[in-house]
Amino acid sequence: MKNLKTTTIVYSNLVLLIIDIFLIYLVDIMTFKFDSNRGISGNGNPAIVLFFVIIPFIAAFIYSLITLINRTRVSFFQKSSYVIMLIAMSLILAYLQYLYTKSIYQHIDGALEGFGLVNQYTNTIFINGYTFLITVLISLIVHYFWNLSSRGSVR
């Protein structure tokens, strides 16, 4: 991406972000909502296919975002206080993810004995806005420390 203009990278980031949000939404609407009055669906797990589609798009978004940070030499990223803020945001999001996961498992309440960890009722535990943001934030934190250790200062 060294030959691309910064505006091209910004636009590619926006497009990748929109695609990621759309795919997260698709996983959500393709995940069955458990209803104890209706029984268990035997239709398989159609949203599992989207896992293999969304992961490369998330990786491309993170790569493009880090390229943009490196290209523009974002000054806020050079301050350790902002990395502490990223860590705090990651911890808050991780707690929210925990509460979300707990609520789904409480709603299911053991009705899915014999189902695997990833099934048509639990897809959104793994692919959702919380996990997306946590992944991006942790990638930015790792990028910060990687640059700090390899160059002696953040680029």
Side-chain angles (χ1 to χ4, degrees), residues 1-35 41 43-108 115-148 150-151 154-155:
M1 286 197 169
K2 291 185 180 199
N3 297 331
L4 293 177
K5 293 181 180 180
T6 302
T7 54
T8 305
I9 297 172
V10 169
Y11 288 132
S12 69
N13 257 340
L14 288 174
V15 168
L16 287 167
L17 180 62
I18 290 168
I19 291 170
D20 286 339
I21 291 170
F22 177 71
L23 289 171
I24 289 168
Y25 174 72
L26 277 179
V27 168
D28 183 56
I29 62 173
M30 291 178 74
T31 299
F32 295 100
K33 307 305 179 227
F34 182 74
D35 183 1
S41 172
N43 292 334
N45 189 2
I48 195 74
V49 173
L50 293 175
F51 280 46
F52 300 102
V53 175
I54 195 170
I55 291 172
F57 277 102
I58 291 173
F61 173 73
I62 291 169
Y63 177 79
S64 183
L65 182 63
I66 289 174
T67 301
L68 182 65
I69 288 170
N70 287 340
R71 169 90 43 106
T72 58
R73 298 180 184 258
V74 178
S75 62
F76 79 85
F77 203 64
Q78 295 177 353
K79 299 178 182 174
S80 59
S81 61
Y82 288 101
V83 174
I84 292 170
M85 181 183 67
L86 291 176
I87 292 170
M89 288 171 47
S90 296
L91 292 172
I92 291 168
L93 286 168
Y95 180 70
L96 292 173
Q97 173 64 24
Y98 166 75
L99 293 177
Y100 180 69
T101 302
K102 185 177 172 184
S103 72
I104 289 176
Y105 279 122
Q106 284 177 343
H107 183 69
I108 293 171
F115 278 71
L117 185 62
V118 179
N119 59 62
Q120 63 265 35
Y121 297 101
T122 61
N123 293 321
T124 56
I125 289 174
F126 305 100
I127 303 289
N128 60 54
Y130 297 134
T131 56
F132 174 73
L133 290 174
I134 290 168
T135 304
V136 170
L137 292 175
I138 289 174
S139 298
L140 292 176
I141 293 165
V142 168
H143 173 257
Y144 172 83
F145 286 112
W146 181 277
N147 278 341
L148 193 64
S150 66
R151 294 188 179 91
V154 177
R155 207 166 82 128

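Count residues from 1 along the sequence.
Atom CG of Leu91 sits about 11.0 Å away from atom CE of Met89, to the nearest 0.5 Å. To the nearest 0.5 Å, the span separating OG1 on Thr101 from CD1 on Ile125 amounts to 5.0 Å. Once rounded to the nearest 0.5 Å, the distance linking CG of Leu26 with CD1 of Ile21 reads 12.5 Å. Rounded to the nearest 0.5 Å, atoms CD1 (Ile55) and CG (Leu50) are 10.5 Å apart. Atom CD1 of Ile9 sits about 8.5 Å away from atom OH of Tyr63, to the nearest 0.5 Å. With rounding to the nearest 0.5 Å, the separation of CG in Leu96 from OH in Tyr130 is 4.5 Å.
The side-chain heavy atoms of Met30 and Asn123, taken from C-beta on, include no pair separated by under 4.5 Å. Side-chain contact between Tyr105 and Thr122 is present, with heavy atoms from C-beta onward closer than 4.5 Å. The shortest distance between side-chain heavy atoms of His143 and Asn70 falls below 4.5 Å.
Checked by atom type and distance alone, the side chain of Gln97 never pairs as donor or acceptor with a backbone atom of Asn128 at under 3.5 Å.
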Inset, instruction - Show your working on side-chain contact (heavy atoms from CB on, under 4.5 Å) between Thr6 and Leu68 and close with a plain yes or no. - result: CA-CA 7 Å; Thr6 302; Leu68 182 65; 3.7 Å; yes
Legend entry - Worked check of side-chain contact (heavy atoms from CB on, under 4.5 Å) between Leu86 and Tyr144: CA-CA 11 Å; Leu86 291 176; Tyr144 172 83; over 6 Å; no
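Taking each heavy atom of Thr124 and Val27 in turn, the nearest pair found is CG2-O, 4.2 Å. For the residue pair Lys5 and Arg71, the shortest heavy atom distance occurs at C-NH1, 3.6 Å. Closest approach of Leu65 to Asn13, counting heavy atoms only: N-OD1, 3.3 Å. Listed here is the closest heavy atom pair of Ile24 and Gly129: CG2-N, 4.0 Å.
The six-membered or imidazole ring of Phe61 lies near that of Phe132, with a centre-to-centre distance under 6.0 Å.
The number of heavy atoms from other shown groups lying within 6.0 Å of OH (Tyr100) is above 12.
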Show the atom names and distances, to 0.1 Å, of all donor-acceptor pairs under 3.5 Å that link a side chain in residues 134-141 to residues at least two apart or in another chain.
{"from": "Thr135", "atom 1": "OG1", "to": "Thr131", "atom 2": "O", "distance (Å)": "2.6"}
{"from": "Ser139", "atom 1": "OG", "to": "Thr135", "atom 2": "O", "distance (Å)": "2.8"}

